[in-house]
Amino acid sequence: MYRTHNNGQLRAVDINKEVTLAGWVQKTRDKGFMVWVDLRDRYGITQLIFDEERTSKEVIEKATKLGREFVIQVKGTVIERVSKNPNMPTGDIEILVSELNILNESLTPPFTIEDETDGGEDLRMKYRYLDIRRKPVRENLIFRSKVAMAVRNYLSKEGFIEVETPYLIKSTPEGARDFVVPSRMNAGQFYALPQSPQTFKQLLMVGGLDKYFQIVKCFRDEDLRADRQPEFTQIDCEMAFVEQEDILNAFEGLTKHLLKEINGIVPSNSGSKFPRMTYDEAMEKYGNDKPDIRFGMEFGELNAVAQNKDFGIFNQAELVVGIAVPGGNAFTRKEIDNLIDWLKRPQIDALGMVYVRCNEDGTYKSSVDKFYDQEDFAKWAEITGAKTGDLICVLSGAKNKARTQLSALRMHLAEQLGLRKNDEFAPLWVIDFPLLEWDEETNRYHAMHHPFTSPKPGQLELLATNPGEVKANAYDLVLNGNEIGGGSIRIHDKKTQALMFDYLGFTPEEAKAQFGFLMDAFQYGAPPHGGIAFGLDRLVAILGGQETIRDFIAFPKNNSGRDVMIDAPAPIDMKQLDELHLKVEIKK
Ligand code: ASP
């Protein structure tokens with residue numbers, strides 16, 4: 001037997017027990033006559049003591065040769081520690097070692113394997129297996145497993161069946177590029193890895209499974225933004241015979257269960273139900289379709305009170321919009337200038353910012369005093385909800401752009417002011433998304449969610465005249481400024497689906513070639529259905545009170561989509577290319 005106990009287990013009540021432990025050497029302290037070793041495994045750390053007077057010479061000698069991360073097994077007696085460590089669960093005891101076996105030696109690790117490490121991100125990723133030995137990483141993975149288990153338990157209890165769908169498929173458009181896999185047996189043909197199991201889960205509904213879920217890998221070949229992974233995990237779900245309301249209720253249930261089970265909390269902002277907000281309202285109030293509602297700073301539109309004065313910039317703007325920053329009057333001139341510089345960076349690209357200080361004596365002082373009087377500012381304050389001591393920040397320009405910029409400023413300031421609290425959870429449904437979204441690049445409409453999403457009842461006709469106005473039966477679950485889930489009620493008849501493909505610019509032939517199987521299936525009694533998918537990586541990070549999803553993925557890819565540990569992607573040899581009927585020419 002390698003061990004009788006693990007390294008997080010022994011307590012004062014175990015004193016005098018003979019035990020066998022195994023694990024990794026985290027640290028040794030050699031005082032000559034005594035050697036201490038911190039022995040680590042997944043469960044914790046137990047201190048070993050080798051003592052000249054009580055341990056054989058031969059064993060002590062071996063102990064002095066131990067290096068960091070050697071794998072050892074010891075036999076010994078649990079004894080009371082002279083100097084106890086109240087910060088460690090095993091801090092009352094130590095093991096007086098009588099026998100030491102070195103199970104495997106280790107090179108000196110490239111970084112320290114402790115809670116605080118000296119290893120930079122790249123190095124830790126290259127030696128991820130060593131990084132995983134560190135408690136913070138290990139705990140995150142254990143936490144993830146706990147969340148996944150809670151999801152499975154809850155959904156199974158609710159009657160959902162977990163079904164695996166294939167990875168080698170044909171393209172499923174979710175708005176990204178596909179990763180493709182060449183087929184050896186079918187020359188010149190390719191599989192695509194699923195961007196999501198969307199079409200398959202719909203087919204499972206046609207198949208009568210009624211309630212499906214899957215914790216599943218999805219693959220999207222997107223330009224990598226910070227903290228996105230080319231492969232990521234979804235909790236993918238679908239239900240038959242449902243309306244939007246049924247889906248919202250079902251998955252509100254799941255979210256509440258997770259918050260309770262994992263974090264032990266009931267969300268601060270929801271009585272019996274999560275609040276709901278339409279997409280239009282979210283854009284108007286927060287400039288964002290995934291607003292963080294843990295704090296206020298709602299937008300106030302100022303066109304009516306700020307235009308038609310002598311300030312040309314506002315007069316020409318499609319939208320003049322402001323927020324009140326609580327306590328912002330305390331900002332120094334320099335701090336405000338820094339904010340303006342921050343807004344002018346290319347990432348945000350604002351031309352500038354107008355600000356109004358709301359002084360304690362009730363007066364206002366602004367950067368545009370030349371054009372406006374105190375009465376004007378009082379109106380701005382009323383609309384933005386500014387109180388004395390606040391700072392009103394105003395941006396202007398084209399509507400969408402000004403909103404996006406002000407939304408970025410709102411989040412930036414909230415972060416600065418400590419309003420984004422890790423231990424507060426404020427979920428929100430955003431509903432009534434537009435069905436279509438104009439794409440500047442291709443100069444046409446794209447499905448905002450995906451082409452299988454149904455328009456709101458009675459809005460199909462609008463497609464012909466006002467496509468941008470059509471609203472969809474689509475919804476997102478937003479948590480603390482993150483979209484953690486999104487889904488829709490689907491089209492379930494061939495005619496509407498064909499019409500949708502037509503509006504999206506597919507010729508009937510293209511639609512048939514790509515999605516004929518789905519439209520065919522719709523002809524055999526497809527039930528009304530809808531679903532949702534949650535991003536598990538992000539959900540876990542948020543529930544864990546952290547920002548970076550990489551920290552919750554065992555073997556993540558870096559920002560260039562590389563696995564630096566196994567060094568992938570990598571070229572393949574000629575023989576393999578030949579078998580795949582491929583000839584690769586690298587364009588420089
Ligand atoms: N397939 C969708 C997605 O990956 C989710 C859904 O509509 O259920 O975002």
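Worth knowing before you read on, the calculation uses all heavy atoms, side chains too, and leaves out hydrogens, waters and symmetry mates. Just follow the structure's listing: the first ligand is 1, and inside any ligand the first atom is 1.
- Under the 30°/60° scheme for interplanar angles, the aromatic rings of H450 and F452 are found to be tilted.
- For F160 and Y212, the ring centers sit 6.0 Å or farther from each other.
- Taking the six-membered ring for Trp and thresholds of 30 and 60 degrees, Y167 and F219 have ring planes more than 60 degrees apart, a perpendicular arrangement.
- F515 and F506 have perpendicular rings, their planes meeting at more than 60° on a 0 to 90° scale where under 30° would count as parallel.
- Sorted by chain then number, the residues whose non-hydrogen atoms approach ligand 1 to under 4.0 Å are E174, S196, Q198, K201, R220, Q234, H449, H450, G486, G487, R490, G531, I532, A533.
- The line from CD1 of I566 to CZ of R128 is 13.5 Å long, rounded to the nearest 0.5 Å.
- Looking at residues two or more places apart in sequence or on another chain, you find a side chain to side chain contact (heavy atoms under 4.5 Å, CB included) between S407 and N288, F299.
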